[in-house]
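A short worksheet on the structure shown next.
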2 protein chains.
Amino acid sequence: MTEAIRTWQGVMEEVRRRIHARDWPPGALIPNEADLAAEFGVARATVNRALRTLAEAGLLDRRRKAGTRVALQPVAKATLDIPVLRLEVEARGKEYGYRRLARTEALPPDDIATAMQTGDTPLLHIRALHLAGDAPYALEDRWINPGVIAAARDEPFTRISANEWLLAHAPYTHGEIGFSATNARAPEAAELGCATGSALFVLDRLTWDHARTITRVAIFYAPGHRMRTGL
Amino acid sequence: MTEAIRTWQGVMEEVRRRIHARDWPPGALIPNEADLAAEFGVARATVNRALRTLAEAGLLDRRRKAGTRVALQPVAKATLDIPVLRLEVEARGKEYGYRRLARTEALPPDDIATAMQTGDTPLLHIRALHLAGDAPYALEDRWINPGVIAAARDEPFTRISANEWLLAHAPYTHGEIGFSATNARAPEAAELGCATGSALFVLDRLTWDHARTITRVAIFYAPGHRMRTGL
DNA sequence: ACTCATATTATGTGCAGACATAATAACGGG
DNA sequence: CCCGTTATTATGTCTGCACATAATATGAGT
């Protein structure tokens, strides 16, 4: 017998080891919390914490009464941290720069109006460039609902980006985020300083305050951008 | 006084409400666990669970002795579920199809060899197409280290994709995942049935078994693919 | 003033016991 | 044999208490 397991991390590691070693193969039902607690000589709450964490990571499936089993198809869960663009640039050791390109109040295109459920009210439209050193880093194309965030009407967004201003002034209750790839059209190519047709990584986000949409933004990253995380 | 808070979810909601209502503005130090527990009439462990969950979500910053404060720049954490391609297709209500395009044992290009740290040993190379209905859904380009997964040498991968086979036969301890965009070169365009130069969304993954690399894969999604999640 | 040891404090985690809840299994009546 | 009710079981969570740990604040000694 090796040294005893004392912490929930210890229990988690041991369970992970057994899964990995195929002691408990994919799909297998593992002992219940009380039994494991007895085996490891810890409280049930400790085992619970360990198994719950593994379940959140997608390695286990748990159901009341049915018990805990090893996930058949462990869906990899990638947690991406999406910081403010300024911090993202600074984390790469580059100097951050910002340039507002346009600020208008206009009727958004149909797809935006539909997504934001704003009907045919005009919205605030901001287009801005984020720089890393001298090179364009990302292009921000944003629509803001001034009906919800009235203060945005008084903000020029020349020195502070909408990206950061909204974080400080418009908390959201929930949102949706999407990732895709698109070919650069002429305006994006000109603004990002790349060839027309270049493949751009796009992040789009729609945020809500309860039932009302606050803002919808698309971030076009300069060619070659890669977003990464551990598993 | 409204109804009492009983559960950790209840505490979490109330804390979230106070942050959102600016009772506790960004950067503010909030009361300690013991005080909150007394205020809400619950045990400290309950408050701890609530605050810990909010901290994991990026809404709070916690440090021992220093206390808990509202995050200044709430880094949005997007958790992406990356299921097996077959399930991804089936979840869209389409019929899944699979076609192996190539299977060779060869020396990988330099960047792959470097990433996998396999020196100049030959690796198993699989290229396969995943279909949704009749349309190409994604192209899989995979390198497998047979030094770690010897059984892969005996598997033709004609009926079952490497994507699924590895999940069942090669558990990993950790990995890295990346997202980017790239222009389709001639082979990808031909295999995916799209124009050369189309912007493709690419997911790449490198998995390890302790210190040894198992496999590195790139998934090229057909044009227009969008990966989405809530916030 | 400055330095280093010591006290204090907030979070992190463990334990034992209890009850809640969801889902399955067992059972009994028709 | 089918169907609805009831018992059983494993997880989910709460409580109250204890001690561990990390980080800051304090203060003694030079």
Side-chain angles (χ1 to χ4, degrees), chain A residues 1-16 18-19 23-72 74-75 77, chain B residues 1-16 18-19 23-72 74:
Chain A
M1 178 93 181
T2 64
E3 74 189 69
I5 289 165
R6 315 180 152 284
T7 69
W8 68 266
Q9 287 99 331
V11 172
M12 186 172 78
E13 277 318 304
E14 174 60 14
V15 170
R16 205 199 285 278
R18 290 183 187 185
I19 292 171
D23 288 351
W24 294 333
L29 193 64
I30 78 173
N32 69 37
E33 293 186 347
D35 290 350
L36 285 177
E39 183 193 336
F40 293 139
V42 299
R44 187 169 78 90
T46 307
V47 173
N48 180 276
R49 175 90 191 259
L51 298 187
R52 179 159 44 81
T53 304
L54 287 172
E56 279 165 10
L59 219 64
L60 293 175
D61 283 332
R62 321 194 72 197
R63 267 166 51 221
R64 276 179 170 152
K65 163 75 184 177
T68 302
R69 42 184 76 240
V70 180
L72 226 28
V75 269
K77 298 203 176 178
Chain B
M1 178 97 179
T2 63
E3 74 188 70
I5 290 164
R6 314 181 153 284
T7 69
W8 68 266
Q9 288 98 331
V11 173
M12 186 173 77
E13 277 318 303
E14 174 59 14
V15 171
R16 205 199 286 279
R18 291 184 186 184
I19 293 171
D23 286 352
W24 294 334
L29 193 64
I30 77 172
N32 69 37
E33 295 186 346
D35 290 350
L36 286 176
E39 182 193 338
F40 294 139
V42 299
R44 187 170 77 89
T46 307
V47 173
N48 180 276
R49 175 88 192 263
L51 298 187
R52 179 159 43 81
T53 305
L54 287 172
E56 279 164 10
L59 218 63
L60 294 175
D61 283 332
R62 322 195 72 197
R63 269 166 53 221
R64 276 179 171 155
K65 163 78 183 177
T68 302
R69 43 183 78 239
V70 179
L72 228 26

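The chains referred to below are lettered A, B, ... by the order of the sequence lines, with proteins before strands, and numbering in each begins at 1.
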Restricting to side-chain hydrogen bond (donor to acceptor under 3.5 Å, both in side chains), what partner residues turn up for A/T46, sequence neighbours left out?
none
Per-nucleotide protein contact string for nucleotides 6-14 of chain D (B base, S sugar-phosphate only, - none; heavy atom under 4.0 Å):
--BBBBBBS
Check the distance between C/dT13's P and A/I5's CD1 and give it to me in whole angstrom.
17 Å
Quick one: do B/R52 and B/E33 make a salt bridge, cutoff under 4.0 Å?
no
Mind checking what makes side-chain hydrogen bond (donor to acceptor under 3.5 Å, both in side chains) contact with A/R18, not counting sequence neighbours?
A/E14, A/E39
Side chain A/R62, main chain A/T68, donor-acceptor under 3.5 Å
no
Can you confirm whether B/L36 sits close enough to B/V11 that some side-chain heavy atom of one is under 4.5 Å from a side-chain heavy atom of the other?
no
